[in-house]
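Working notes, beginning with the structure itself.
The chains referred to below are lettered A, B, ... by the order of the sequence lines, with proteins before strands, and numbering in each begins at 1.
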2 protein chains.
Amino acid sequence: MVDRSQRATARKATTLKQLAAHVGVHVSTVSRALNPETRNLIGPEVAKRVLAAANELGYVPNSMAAALRTGQSRTVGILIPDLMNPVFPPFIRGIQDTLDGAGYTAIIANSDGDKDYERVIVQKMQARFVAGLIMATALYRDDPAVGECIEKGIPVVLINRGVDNREISAVVSDDGAGIAAAVEHLVRLGHRRIAHAAGPPETYTGMMRRRAFLNAMQASGLPADEDLIVFASGYTVPAGREALAALLERGKPFSALIAANDQLALGALDGLAEAGLRVPRDVSLVGFNDMPLVDRIDPPLTTLRIQHYEMGAEAARILLDELADPQRDRRTVMLEPQLIVRGSTAPAT
Amino acid sequence: MVDRSQRATARKATTLKQLAAHVGVHVSTVSRALNPETRNLIGPEVAKRVLAAANELGYVPNSMAAALRTGQSRTVGILIPDLMNPVFPPFIRGIQDTLDGAGYTAIIANSDGDKDYERVIVQKMQARFVAGLIMATALYRDDPAVGECIEKGIPVVLINRGVDNREISAVVSDDGAGIAAAVEHLVRLGHRRIAHAAGPPETYTGMMRRRAFLNAMQASGLPADEDLIVFASGYTVPAGREALAALLERGKPFSALIAANDQLALGALDGLAEAGLRVPRDVSLVGFNDMPLVDRIDPPLTTLRIQHYEMGAEAARILLDELADPQRDRRTVMLEPQLIVRGSTAPAT
DNA sequence: TTGAAAGCGCTAACAG
DNA sequence: CTGTTAGCGCTTTCAA
């Protein structure tokens with residue numbers, strides 16, 4: 001008889017009920033024995049027998065059932081624009097590693113930068129009972145998906161993007177400090193006409209870094225000439241090349257260029273080469289992000305290293321805190337980027 | 001009254017029951033009306049009213065409840081060694097995009113190459129009712145986690161790793177064809193003493209590519225000298241450098257090196273530079289994977305491009321097929337890599 | 001300390 | 001065509 005029931009359960013997962021039958025107690029007893037928080041309500045011998053049986057039968061609790069019952073899924077959603085962009089995997093690892101420690105699981109979704117699809121994703125996540133959301137969609141500044149979450153009372157933490165109101169926590173890199181370090185580095189090398197390839201104006205990082213650039217120039221006593229700022233149409237290599245072409249077309253001379261991210265810097269590198277300008281001899285170039293392998297390209301890219309992994313971990317920590325105490329104050333944490341000086345910057349001639 | 005109930009449900013998600021009350025029909029009617037497959041059982045006017053109400057109240061089905069009821073979660077697990085390795089994101093995108101189309105969601109977990117942890121992950125996945133698993137852990141050839149899945153009847157598709165028995169489907173790159181193309185390319189350039197930096201012997205790709213190398217050398221009528229094969233201790237840049245050092249120490253001359261992946265090639269590049277050897281002047285170098293930016297390093301790396309995204313998509317398709325029909329025959333699909341000739345290979349001197 | 005019973009939200013027989 | 005009913009696996013009151 002025991003044999004039969006055991007064989008019958010070989011294919012499907014063992015349930016609490018089966019466990020209870022095996023041990024000869026009621027399901028609720030088993031439930032309590034298995035939960036460390038309620039185990040003290042149970043007789044020690046019984047508890048021991050239950051644990052042993054659970055181990056023997058390879059019992060794995062059905063988390064969907066538990067979630068349905070308690071309304072808590074121990075799942076959090078991660079929203080990113082594109083997993084293939086090397087910036088995001090470290091974020092995700094940082095999040096996952098932190099979440100794992102707290103018994104949470106992450107569900108990752110790509111929005112491809114599509115606002116509408118982002119909303120669909122948020123709905124799907126909601127259907128999966130996500131306890132909270134981490135949005136690394138460093139994209140559009142006004143975002144209906146975020147509003148929807150606030151409305152529905154789903155805790156959200158933003159990465160690499162702040163938000164106008166204070167209803168939401170965020171983890172961002174200190175663009176002001178980063179860009180300032182880059183400008184200072186260039187100024188020290190003797191550059192005075194510094195250009196900026198900014199990210200798209202509708203993106204958070206685009207605007208932040210552009211403003212940081214303006215501030216830093218001013219602080220260095222240099223002319224913050226709007227003519228030396230071009231907006232890229234996206235955060236891609238082709239967009240960088242196009243931006244550079246537009247910049248050159250204006251005919252304003254410059255000896256250094258700070259790009260809003262590494263991909264734009266790469267595109268600018270291509271554009272400069274096409275125009276017959278050498279980096280760093282004719283133009284010094286600074287990127288942002290320190291993507292893998294930019295230290296090995298020709299020339300090695302001077303760039304700002306963001307603490308991607310740490311930002312992800314911090315975002316997860318904040319979310320976990322807010323999950324534990326929803327009344328907790330929202331926080332915005334800023335992590336400072338580090339200027340990595342390599343071969344793409346040189347003294348002005 | 002309506003106002004109040006609406007407000008009351010503003011925070012929590014709308015349920016079927018509420019929807020039913022709103023429309024004035026029974027829950028099961030609503031359920032049927034919402035499910036396209038059973039909608040035809042419902043009066044068209046009623047169906048329309050239900051759909052309208054669902055839309056109005058922003059109804060999102062609770063997938064946990066549905067999963068609990070049906071035993072089908074529409075979730076599949078993806079197991080990878082490390083998300084930060086740029087090889088994996090394209091796999092994942094390919095999988096996700098394909099799965100999305102079929103209404104499935106993916107849960108991604110990193111194993112960090114730890115066999116034991118891999119088993120834990122599989123258990124957690126099982127607890128989340130995953131319908132199937134895609135394992136891209138291109139690692140150890142014998143793998144208890146895989147056995148566990150077979151035993152439990154969870155469909156599994158392997159990526160970048162075959163398995164000895166035919167109980168499991170797999171999507172792999174055609175290492176034989178890829179390495180053969182590389183060898184042929186080098187031979188055509190006049191190389192005769194070609195070395196190979198193999199992956200760790202306990203990895204599937206390590207062994208496959210090594211064997212492919214031996215075969216290709218033989219087919220080209222070249223000496224397949226075991227002394228010209230070194231095993232790396234991992235698939236990392238430092239491991240590549242160490243492997244190269246070990247190779248040089250043997251004192252056997254070689255004019256070309258095929259690395260089992262790009263990271264090893266990068267490490268070898270470093271090692272060669274340290275030894276005062278120039279690529280490609282003194283040694284030609286071929287990688288495997290065509291990682292982002294290896295086309296922009298110095299020298300641009302000749303390598304084998306794997307159809308990562310397509311492999312992921314194919315794996316998902318196979319899994320979907322097997323989910324629909326568990327009796328379906330297992331398949332192993334091979335996708336051919338493409339040799340991308342760049343600056344790291346040159347005629348033998 | 002343990003058992004009984006209810007119910008989370010949904011689906012799927014079975015009736016009508 | 002629609003309603004009734006039961007139950008997926010689990011947690012959690014309420015009793016005993």
Rounded to the Å, how far apart are [X] [atom1] and [N] [atom2]?
| X | N | atom1 | atom2 | answer |
| --- | --- | --- | --- | --- |
| B:Leu41 | C:dG16 | CG | C1' | 15 Å |
| B:Asn62 | D:dC8 | CG | P | 18 Å |
| A:Ile42 | C:dG3 | CD1 | P | 8 Å |
| A:Lys48 | C:dT1 | NZ | P | 15 Å |
| A:Leu16 | D:dT12 | CG | C1' | 13 Å |
| A:Leu34 | D:dG9 | CG | P | 16 Å |
| A:His26 | D:dG9 | NE2 | P | 15 Å |
| B:Arg32 | D:dG3 | CZ | P | 8 Å |

In short, salt bridge (charged side-chain N to carboxylate O under 4.0 Å, His left out) pairs touching residues 19-35 of chain A with sequence neighbours left out are none
Would you mind telling me which residue lines up with the more 5' stretch of DNA chain C, B:Asn35 or B:Met64, judged by nearest nucleotide?
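Its nucleotide being nearer the 5' end, the pick is B:Met64.
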Contacts of B:Ala65 and B:Ser28 projected onto DNA chain C by closest heavy atom; the upstream (5') one is B:Ala65
B:Asp329 atom CG: more than 12 heavy-atom contacts under 6.0 Å:
no
Give B:Thr15 one of three labels, base, sugar-phosphate or nothing, depending on what nucleic acid heavy atoms sit under 4.0 Å from its own.
sugar-phosphate
Electrostatic pair B:Lys48-B:Glu45, nearest N-O below 4.0 angstrom
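Judged by the 4.0 Å cut-off on N to carboxylate O distance, B:Lys48 and B:Glu45 do not form a salt bridge.
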Residue A:Pro61, side-chain heavy atoms: nucleotide from D:dG3, C:dG9, D:dC10 that is nearest
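Of D:dG3, C:dG9, D:dC10, D:dC10 is nearest to the side chain of A:Pro61.
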Which nucleotide, D:dC10, C:dC8, D:dT2, lies nearest any side-chain atom of B:Thr29?
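Of all the options, the side chain of B:Thr29 is nearest to D:dT2.
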Flag, side chain of B:Arg328 to backbone of B:Ile318, donor-acceptor distance under 3.5 Å:
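Not at all, since once roles are kept as given, no pair shorter than 3.5 Å links the two residues.
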Looking only at the side chains, is there a donor atom on one of A:Tyr117 and A:Asn110 sitting less than 3.5 Å from an acceptor on the other?
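No donor-acceptor contact under 3.5 Å links the two side chains.
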When the nearest nucleotide of DNA chain D is assigned to B:Thr70 and to B:Ala47 on a heavy-atom basis, which residue is associated with the more 5' position?
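Mapping each residue to its closest nucleotide by heavy atoms, the 5'-most match is B:Ala47.
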B:Tyr59 side chain near C:dC10 phosphate (N/O to OP1/OP2, under 4.0 Å)
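Result: yes.
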